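None of the values given here were measured: they were computed from a predicted structure. Chain identifiers are assigned alphabetically (A, B, ...) following the order of the sequence lines, protein sequences preceding nucleic acid strands; residue numbering begins at 1 within each chain.
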Amino acid sequence: MAIKNMFTKQKPKKIKYATIPSEAAKQDVPEGIMQKCPKCKKIMYTRELQKNLHVCFGCGYHYPMKAHERIKSLLDEGSFRELDAGLSTANPLKFPDYEEKIAADQKKTGLTEAIVTGVGTIDGYPSAFAFMDSSFRMGSMGSVVGEKITRAVEEAIRLRIPFIIFTASGGARMQEGVLSLMQMAKTGAAFKRLSDRGGLIVSVMTHPTTGGVSASFASLGDFNFAEPGALIGFAGRRIIEQTIREKLPEDFQTAEFLLKCGQLDAVLHRSEMKEKLSFLLDIHQTGGGER
Amino acid sequence: MTGLEFEKPVRDLQEKIAELKNFTSTSEVDLSDEIEKLELRLKKLEDDIYNSMTPWDRVQMARHPNRPTTLDYISYLFEGFFELHGDRAYGDDAAIVAGIAKYHGQPVTVIGHQRGRDTKENIQRTFGMPHPEGYRKALRLMKQAEKFNRPIICLIDTKGAYPGKAAEERGQSEAIARNIFEMAGLTVPVICIVIGEGGSGGALALGVGDRLFMLENSTYSVISPEGAAALLWKDAGLAKRAAETMKITAPDLRSLGIVDEIIPEVRGGAHRDAKKQAELIDEVLQPAIKQLQMMEQTALVDLRYEKYKRIGGYAEQTTGLKD
């Protein structure tokens, strides 16, 4: 009896110490060692999360992935040869404060621009690749992004190999105005050229893929995939809500929503990405690229 | 006629002249000397104002409610325009008109964005902002033109693709992307002319061709000046500044190497005389088609690729600045 009492007495004590954290404190998990899932709030070791390809153990939320991490997670070790690393932004419209913004993001991310391109292999199958990185200017597409994609596609044509792109972009780069719009035409024309020569094109849309990027190369794969939960769409949610004067459903413009609308071939979990790409490369070894 | 803000001095002077003329005809006093002087001044004033239009003035001109639309130009430029409808998958989008016609006796396919000329028509045509089925109708008829070896003429005049729920569900992105992709490979001449507003991807989906022309007071941009201002400076009121910074006018695009030729406008804007404006378009369009028709199909596609490949401004470590 006495022992039982001991336990019951301790219970209210615990409640006494519990505090209701403020909204800010809830998000405030020390960066580096631990990370909190923005969706289900699960706290995880950063290193464990990295090993899990930046996918939450609790709810399967796909964190944005850096270009170089993606390369590491998919390509055969040491097979990646980067292309056009020397291309950088020149502020063609002389847009105020643009150079400063680019320089700041270069420092922050260690990237020269919002995309890394190159050639490499997956399970021994060669392909040209482009990996967009949303941590650089929201992955927006300016002249450099357009030119690097176009050159990587040209390399795929030259080497008669497929082209695989991972998109992550808010759309056009405002500071390059109509020049950034024209990159949609440039990349689209390059895709057409590769496609006409029988080359395989795979597009994997990751969070977010919107605006001019979604309305050009991202939608032009022979296969169009997306990562779970990725935001994909042409117009922004707010603009649509203002135009049609109604509230949009919660899942509007998610990968799953697009799959339902018939706009995607499949939604691929990061854990199966390599296997599926490898299978596609295997299947298209003959026929594609050999015309 | 609806006047624009920057044209006010011209309007004021015109009114004054009209007043004096009226006065002369009804009273004994002869003011014809005065009137002559004022008319000279008016001419000079018009020169000054229309020769020094700011980007924002041009935006107003491009959006003028009376500005001629695709169907207006079609009636002046082509014979026997036969409108064709539908994308064969979902529906017919009235924001894009398309069909076959004769141009100086020769068969062509004509496609263009179509704004409404009044509120009722604007609602029916969703203000010239297409849905995916509009772009797919356009593509269907471009492929048809390719099959029968007809040149394609695209008239661009849209604020952008329609931002709506249904448009997204039916694949607005894919429809635009597909048009860009397929237009890049068409084996017939494609000539695109911006006649009013060229708004973003919604314009580009009819805008990949061998030649891009712009009317003098048309605009072509990645986002509206209002949108750019809201996005960049969190203030849509700075649209005027955005119009200047974003480089959206015909002369801007000419200097960026995107536009091949600027088509001059009737003084005071295309809306002053649509028929005359059509003639000015004709003067540029006819030789362009002739020239392109002499080219081999493969050369046409290759040159079109090179044309777009050149567009952009970036730095390259080994060779320095390139544009």
Side-chain angles (χ1 to χ4, degrees), chain A residues 84-93 95-96 142-144 146-147 150 172-186 188-193 195-196 210-212 214-220 224 232-236 239-240 242-244 246 248 252-253 257 261-263, chain B residues 160-185 198 200-205 207-208 220-223 227-228 231-232 245-248 252-253 256 258 301 304-305 307-319 321-323:
Chain A
D84 305 304
L87 283 192
S88 63
T89 306
N91 196 5
L93 300 190
F95 206 94
S143 298
V144 173
E147 181 67 15
T150 305
R173 176 91 43 96
M174 290 303 127
Q175 291 87 350
E176 294 193 26
V178 72
L179 284 175
S180 97
L181 181 72
M182 289 299 147
Q183 304 308 307
M184 294 168 67
K186 185 200 250 183
F191 271 45
K192 175 70 177 159
R193 220 170 157 81
S195 185
D196 281 351
T210 56
S214 122
S216 60
F217 54 84
S219 298
L220 290 172
N224 292 335
I232 302 160
F234 178 68
I239 290 167
I240 298 173
Q242 280 167 6
T243 309
I244 63 173
E246 63 177 271
L248 292 163
F252 186 66
Q253 292 181 325
F257 175 89
C261 292
Q263 300 299 331
Chain B
Y162 190 77
K165 182 165 176 270
E168 297 287 319
E169 287 169 345
R170 296 200 286 275
Q172 189 71 287
S173 286
E174 197 273 345
I176 294 169
R178 187 63 51 195
N179 277 24
I180 293 170
F181 181 85
E182 292 294 347
M183 288 182 88
S200 189
L204 189 64
V208 179
Y220 199 172
S221 66
V222 69
I223 187 170
L231 213 69
L232 290 164
T245 324
M246 298 285 289
K247 307 268 190 286
I248 62 174
D252 287 334
L253 269 85
L256 289 169
I258 295 170
V301 176
R304 197 181 301 145
Y305 180 75
K307 172 182 156 78
Y308 285 95
K309 177 79 167 79
R310 273 195 302 271
I311 300 176
Y314 49 82
E316 191 157 15
Q317 232 166 38
T318 45
T319 58
L321 193 83
K322 203 181 153 184
D323 56 23

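- Note: A:S88 leads A:S88, A:P92, A:G177 in heavy-atom pairs under 4.5 Å with chain B.
- Using modelled atom types, no side-chain atom of A:S216 and backbone atom of A:G188 make a donor-acceptor pair closer than 3.5 Å.
- The minimum heavy-atom distance between A:A185 and B:I180, with the atom names listed, is CA-CG2, 3.7 Å.
- Here B:Y308 pairs with nothing under the ring pair (Phe, Tyr, Trp, His ring centres under 6.0 Å) rule; sequence neighbours left out.
- Heavy-atom pairs under 4.5 Å with chain A were tallied for B:G164, B:A167, B:G185; the largest tally goes to B:G164.
- A:K186 contributes a side-chain N or O that, together with a main-chain N or O of B:I311, makes up a donor-acceptor pair within less than 3.5 Å.
- Chain A forms the most heavy-atom pairs under 4.5 Å with one residue out of B:T245, B:L231, B:N179, B:D252, and that residue is B:T245.
- Chosen from B:M183, B:E168, B:M246, the residue pairing most often with chain A at heavy-atom distances under 4.5 Å is B:E168.
- Most heavy-atom pairs under 4.5 Å with chain A: of the set B:A175, B:A177, B:A166, B:A184, this distinction falls to B:A177.
- In this structure, chain B has heavy atoms under 4.5 Å from both the backbone and the side chain of A:L87.
- A distance-only check finds a donor-acceptor pair linking the side chain of A:S143 to the backbone of B:G313 [under 3.5 Å].
- Taking chain B as the reference chain and counting heavy-atom pairs below 4.5 Å, the highest number among A:A85, A:G142, A:A235 is found for A:A235.
- Ranked by heavy-atom pairs under 4.5 Å with chain A, the first of B:I223, B:I248, B:V301, B:I258 is B:I258.
- Proximity to chain B involves both the backbone and the side chain of A:A190, based on heavy atoms less than 4.5 angstrom apart.
- Heavy-atom pairs under 4.5 Å with chain B peak, among A:P96, A:G146, A:A218, A:A189, at A:A189.
- When every heavy atom of B:G171 is checked against every heavy atom of A:Q263, the shortest pair comes out as N-NE2, 3.3 Å.
- Counting heavy-atom pairs closer than 4.5 Å to chain A, the top residue among B:R304, B:E174, B:R170, B:K165 is B:K165.
- By the side-chain contact (heavy atoms from CB on, under 4.5 Å) test, B:A161 pairs with A:F234, B:Y135, B:Q172, B:I176, sequence neighbours left out.
- Taken from CG in A:N224 to OG in B:S173, the straight-line distance is 10.5 Å, to the nearest 0.5 Å.
- Closest of all the heavy-atom pairs between A:V178 and B:L256 is CG1-CD1, 3.9 Å.
- Residue contact with chain B, scored on non-hydrogen atoms closer than 4.5 Å, involves the side chain of A:F257 exclusively.
- Interface remark: of the candidates A:M182, A:R173, A:Q175, A:E176, A:M182 forms the most heavy-atom pairs closer than 4.5 Å to chain B.
- For A:Q242, no part sits under 4.5 Å from any heavy atom of chain B, backbone or side chain.
- Looking at A:L93, the atoms closer than 4.5 Å to chain B (heavy atoms on both sides) sit in the backbone and in the side chain alike.
- Remark: side-chain polar atoms of A:S219 are not paired, donor with acceptor, to backbone N or O of A:A215 under 3.5 angstrom.
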